[in-house]
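Below: the structure, in structure tokens.
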There are 2 protein chains.
Amino acid sequence: MISKTEFIQKLRNSSLRPTKQRIDICDVLFNREKTFHFTINDLFNLVKERKDQKASLATIYNTVHAFHKKGYLKEIPINSNQTYFDTNVTDHHHFFDVKEERLIDLKNEDVGPIDIQKSIPGKKIKSVEVLVKLED
Amino acid sequence: MISKTEFIQKLRNSSLRPTKQRIDICDVLFNREKTFHFTINDLFNLVKERKDQKASLATIYNTVHAFHKKGYLKEIPINSNQTYFDTNVTDHHHFFDVKEERLIDLKNEDVGPIDIQKSIPGKKIKSVEVLVKLED
DNA sequence: ATTCTTCTTTAGAATAATTATAAAAAACTA
DNA sequence: TAGTTTTTTATAATTATTCTAAAGAAGAAT
Ligand SMILES: [Mn+2]
Ligand SMILES: [Mn+2]
Ligand SMILES: [Zn+2]
Ligand SMILES: [Zn+2]
């Protein structure tokens, strides 16, 4: 359970002013047991449900991108019309349940080591991500 | 070099009427040495450049989705605002050059075999795809 | 060939996600 | 407190994609 004060600290350290909206968004995003995969709309609705505070859709977009830029959120490429974000910013892989449109974390040990035996001159590898699509 | 007649045959066999537009799109897409990664807009412009024939944007969308449904094109999930398609419909992986926004095929032998050591009850694996992001 | 039926193309409207704008509000500084 | 900067917000704009419905083309039947 991360306290409000801790969020304020973290925001300040990131040169982001600790506004009510941002603190609330932090609480929704980071006070969780498990990693959280969400779309902008998911987050908007979760924040809206809380009686104490609301944030406009624009603020959700702004904040998610601010957090993403600071490295507190990760963007997940899935074949969908909406962008997914992930509170787990470590390098890891995913199941994607196509029917339920749901992302599930795969630990690195659930997927063997992947070594890429090809290289492109002048380019280096930034990330290696596996997406495993699931069907019924 | 695939002939017009062959495209007509293939379209007919797929219960798609061989229209001028579709034949032209086939020519742009499938008369290539290498696999072709493209967005709807890329294709629209390539077809437009040809003096002999033009196709509306709506037709490009319609045709790409018809071909996709028939299994002649593959959709590639990358973190972008546009959907990418691929004329290589076999199971394979990709490099994605983030700066140049370009996809490059990886052969299966360029990536070791990937075995997923986790399963979700009631679900089976549909596909396993690796996306390797490249930076300078 | 002529007519009929079905499919396809197309322009333009509609939708949906995202980004931009700019004024009011909140946070910070002096 | 007053001044400065950042943030929020409503709203407009943009962009990719899908929908609609009328005109055109293709195929089948006559
Ligand atoms: Mn994850
Ligand atoms: Mn490919
Ligand atoms: Zn972002
Ligand atoms: Zn499709």
Side-chain angles (χ1 to χ4, degrees), chain A residues 4-5 7-28 37-48 50 52-70 72-73 75-85 101, chain B residues 4-5 7-28 37-48 50 52-70 72-73 75-85 101:
Chain A
K4 192 170 152 173
T5 327
F7 287 134
I8 291 175
Q9 268 317 308
K10 188 129 195 190
L11 286 165
R12 282 232 175 78
N13 293 341
S14 315
S15 36
L16 295 170
R17 289 186 180 173
T19 62
K20 297 238 169 67
Q21 290 85 343
R22 282 175 177 165
I23 294 163
D24 231 48
I25 291 169
C26 281
D27 196 38
V28 170
H37 301 110
F38 64 98
T39 63
I40 292 285
N41 227 270
D42 294 337
L43 181 56
F44 179 59
N45 289 324
L46 284 170
V47 173
K48 193 160 56 182
R50 299 159 64 100
D52 46 327
Q53 182 64 36
K54 71 211 164 306
S56 73
L57 187 57
T59 297
I60 303 288
Y61 271 102
N62 291 340
T63 304
V64 165
H65 282 124
F67 289 2
H68 178 225
K69 193 174 284 179
K70 294 291 177 184
Y72 304 141
L73 290 173
E75 225 169 320
I76 310 283
I78 4 167
N79 180 12
S80 169
N81 46 327
Q82 267 172 109
T83 306
Y84 279 74
F85 293 90
E101 291 211 325
Chain B
K4 191 169 154 174
T5 327
F7 287 133
I8 292 175
Q9 268 317 308
K10 188 129 195 190
L11 286 165
R12 282 231 175 79
N13 293 341
S14 315
S15 35
L16 294 171
R17 289 187 181 172
T19 62
K20 297 240 169 66
Q21 290 85 343
R22 283 175 177 163
I23 294 163
D24 230 49
I25 291 170
C26 281
D27 196 39
V28 170
H37 301 110
F38 65 98
T39 63
I40 292 285
N41 227 270
D42 294 337
L43 181 56
F44 179 60
N45 289 323
L46 284 170
V47 173
K48 194 160 56 182
R50 298 159 64 101
D52 47 328
Q53 183 64 37
K54 73 214 164 302
S56 72
L57 188 57
T59 297
I60 303 289
Y61 272 101
N62 289 341
T63 305
V64 165
H65 282 125
F67 288 2
H68 179 224
K69 193 174 284 178
K70 295 290 176 183
Y72 304 142
L73 291 174
E75 226 169 320
I76 311 281
I78 9 167
N79 179 13
S80 169
N81 46 327
Q82 267 173 108
T83 305
Y84 278 75
F85 293 89
E101 292 211 325

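Here is the naming used below: chain letters follow the sequence lines, and residue numbers restart at 1 for every chain.
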Does C:dT19 have OP1 or OP2 under 4.0 Å away from a side-chain N or O of A:His65? yes
OP1, OP2 of C:dT18 versus side-chain N and O of A:Thr83: anything below 4.0 Å? yes
Tell me the interatomic distance from B:Leu11, atom CG, to D:dA25, atom P, rounded to whole angstroms. 18 Å
Atom NZ of A:Lys54 and atom P of D:dT9: how far apart are they, to the nearest Å? 6 Å
Spacing between A:Lys70 atom NZ and D:dT6 atom C1', to the nearest angstrom: 13 Å
Least distance between heavy atoms, A:Ile23 atom then A:Phe7 atom: O-CD1, 4.4 Å
Give a yes/no on whether any side-chain N or O of B:Arg22 is located under 4.0 angstrom from OP1 or OP2 of C:dT9. yes
Round to the nearest Å and state the distance from B:Leu57 atom CG to D:dT17 atom C1'. 9 Å
Starting at the 5' end of nucleotides 24-30 of chain C, put B wherever the base has a protein heavy atom under 4.0 Å, S where only the sugar-phosphate does, and a dash everywhere else. --BBS--
Report the distance from atom CD1 of B:Ile78 to atom P of D:dA16, rounded to the nearest whole Å. 14 Å
Tell me which nucleotide among D:dA10, C:dA17, D:dT8 gets nearest to the side chain of A:Asn81. C:dA17
How long is the line joining CG of B:Asn62 and C1' of C:dA11, in whole Å? 13 Å
